[in-house]
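Notes for the one structure printed next.
Positions are given from 1, in the same order as the sequence printed here.
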Amino acid sequence: MADQSSAFAKLPEYIQGGLKKVASEQGFTDGLYRFEFEDGSNNGDGYMGELFKVFIREAGRDELVVLCKTLPTHEIRKQYTISLFHREVKAYKEVLPMISKFQQEKGIEEYNPEGFWNFPKSYYAYCDMQKLEGLIIMEDMRETHFQMWNKLEPVNYDHTHMLVKQLGKMHAISFALKDQQPEAFEKFKHFSDPLSQLITFDPTKGMTRMMNGTCERAIHALDESDALCRTKMESVRGVVTDLYQEDAKVDEAEPYAVLGHGDCWINNMLYSYGSDSITPKDIRLIDWQLCRYGSPVLDLMYFIFTSTDAALRAEHYEELLQTYYTSLVDYLNLLGGDAERQFPESAFQKQLKRFGRFGLLISLLVLPIICTPNEEVPDIEKQMELAKKAQESGGENVDDKNLFSKTEAADAMFRDRMRGLIQDVVRLGYL
């Protein structure tokens, strides 16, 4: 841990300014408080930014512990992620405050378990895309004993049940706002999918190659008894990102599109536990950089297919869908809406049929990452350098097709999870 005099002075001015502003707003005395720092995350926990922990301390009063999220220092990576960071800043400055304000107007106070308060408190959020500067200062949930699930383990029923219930509430708020405060909600309809934009404007086409490469690995994970699955996967082969972008569009989701979290895999959830340290008692959704307007089914399919396994889905899939929908209906009605008019169950079923394949498409990006132990996570910055050189020379960086889950154990885990996933998507009629 370093003190203010050394570490603070090395920070860019906009980060220094943000921290000073938070200290002042939280009642610390200018000239008497100090900042102390430590790293905020482990390798492999996050892929879009860098985290460090800050202790704001002053004699005679309680310290404030915050987590600072900044853009990567690596120049190529910074340029690649700036649009995502900008979206997350908008989530913390506009989307989540709107959700909070609306619930309070309905008499549902902060942290009332009836409501959706399952996101970190933000003290400061700033992004300047021209200057390539970005900073989010938020509460450090680990200080209140929230922790991350081990991504290598498929998520169990209790944790999944808790998440889908909260997704139902979050989406219910969108339906209520859309109906009751259409003018305030209107601007959020322009929150198109940030990942689609990255796919479109990435000159290296690295994500397209990587997802199509994972699709080939997925097909190879099938065996001779999976003839139907193999046939169905032919419709995905070579066009993964095209299909992804189709599903991320809003047109076919309306009039049932909502503001979604957008990045619903297990590393973006934090859980707290009771005395048994096993049963979750609360959850927070973090990393809002893919927050976007689209089908409510996208968040649901994203989590269920990337983060659970075939065994859990075989036993609980329909029940989890019902938990989600019931939670949405109950909360929408509580907020003064009419679920039968705004999102009837027949519409939910149609959305599942139309957008259910999204669970497979996003898994072709995320599942290799999930199956890679943190100590085996590749050097992303090195890969970006290689991709840039390949683009400049007119060649192709073949390595970026298979960056994750390369070791024998990780590949075996990927093949097992992916085979079960494809079988389920086909069985359910989503592909």
Side-chain angles (χ1 to χ4, degrees), residues 151 154-157 159-161 163-164 167-168 171 193 195-196 199 207 210-212 214-215 217-219 221-222 226 228-229 232-233 235-237 239-249 252-253 256-258 260-269 285 290 292 294-325 348-371 413-431:
K151 67 175 183 175
V155 185
N156 67 19
Y157 172 79
H159 291 73
T160 305
H161 181 271
L163 182 274
V164 300
L167 287 180
H171 295 163
D193 181 70
L195 211 52
S196 293
I199 291 166
M207 194 172 296
M210 184 165 65
M211 291 176 77
N212 284 333
T214 307
C215 182
R217 290 181 67 192
I219 291 170
L222 300 171
D226 298 316
L228 177 60
C229 292
K232 293 286 187 180
M233 285 297 290
S235 67
V236 181
R237 181 176 245 154
V239 291
V240 178
T241 49
D242 295 333
L243 297 178
Y244 175 93
Q245 289 179 307
E246 278 182 30
D247 286 2
K249 286 179 183 173
E252 294 180 65
Y256 305 114
V258 297
H261 176 273
D263 203 7
C264 271
W265 67 295
I266 191 56
N267 260 29
N268 291 338
M269 314 294 150
L285 280 66
L290 296 185
R292 46 95 186 97
S295 169
V297 162
L298 302 186
D299 279 344
L300 199 56
M301 296 297 96
Y302 192 151
F303 188 85
I304 289 176
F305 284 104
T306 64
S307 302
T308 71
D309 63 4
L312 182 134
R313 293 190 296 270
E315 190 172 352
H316 296 293
Y317 183 72
E318 294 299 332
E319 179 194 345
L320 289 167
L321 294 184
Q322 195 57 53
T323 296
Y324 163 82
Y325 185 69
F348 177 44
Q349 293 301 327
K350 285 179 182 176
Q351 294 268 312
L352 283 168
K353 287 295 183 186
R354 169 58 189 86
F355 296 100
R357 73 178 182 186
F358 185 82
L360 167 67
L361 300 175
I362 193 65
S363 293
L364 294 172
L365 176 66
V366 175
L367 196 59
I369 299 171
I370 287 177
C371 295
M413 185 188 303
F414 167 82
R415 291 166 68 88
D416 180 61
R417 292 274 294 271
M418 182 56 78
R419 182 175 179 238
L421 194 160
I422 295 171
Q423 288 173 336
D424 283 351
V425 170
V426 170
R427 173 178 58 82
L428 292 161
Y430 297 161
L431 190 64

Can you tell if the side chain of [X] reaches within under 4.5 Å of the side chain of [Y], non-hydrogen atoms only?
X      : Y      : result
Leu360 : Tyr430 : no
Leu428 : Glu318 : yes
Phe305 : Ile362 : no
Leu364 : Met418 : yes
Leu285 : Leu167 : yes
Tyr256 : Lys350 : no

How far apart are the closest heavy atoms of [X] and [Y], and which atoms are they?
X      : Y      : answer
Gly260 : His171 : CA-NE2, 4.2 Å
Asn156 : Thr160 : O-OG1, 2.9 Å
Pro368 : Ser363 : CD-O, 3.5 Å
Thr308 : Pro154 : C-CB, 4.3 Å
Ser295 : Gln351 : OG-OE1, 2.6 Å
Arg419 : Ala221 : CD-O, 3.6 Å

At what distance, to the nearest 0.5 angstrom, does CG of Asp424 lie from CZ of Arg427?
4.5 Å
Sidechain-backbone polar pair: Lys232 side chain, Ile422 backbone, donor-acceptor under 3.5 Å
no
Tell me whether Asp193 contacts the main-chain N or O of Arg292 through its side chain, where contact means a donor paired with an acceptor under 3.5 Å.
no
Verdict with supporting geometry, Asp263 and Tyr302, side chain to side chain donor-acceptor pair (under 3.5 Å):
CA-CA 8 Å; Asp263 203 7; Tyr302 192 151; 2.5 Å; yes
Ignoring hydrogens and angles, state whether a donor on the side chain of Glu319 or Tyr157 is under 3.5 Å from an acceptor on the partner side chain.
yes
Side chain to side chain contact (heavy atoms under 4.5 Å, CB included) with Arg354: which residues, sequence neighbours excluded?
Glu246, Asp247, Glu252, Arg357
Before you tell me yes or no, could you show the steps for Ile370 and Arg417 under side chain to side chain contact (heavy atoms under 4.5 Å, CB included), namely the whole-Å CA-CA distance, both residues' side-chain angles and the distance that decides it to 0.1 Å?
CA-CA 10 Å; Ile370 287 177; Arg417 292 274 294 271; 4.1 Å; yes
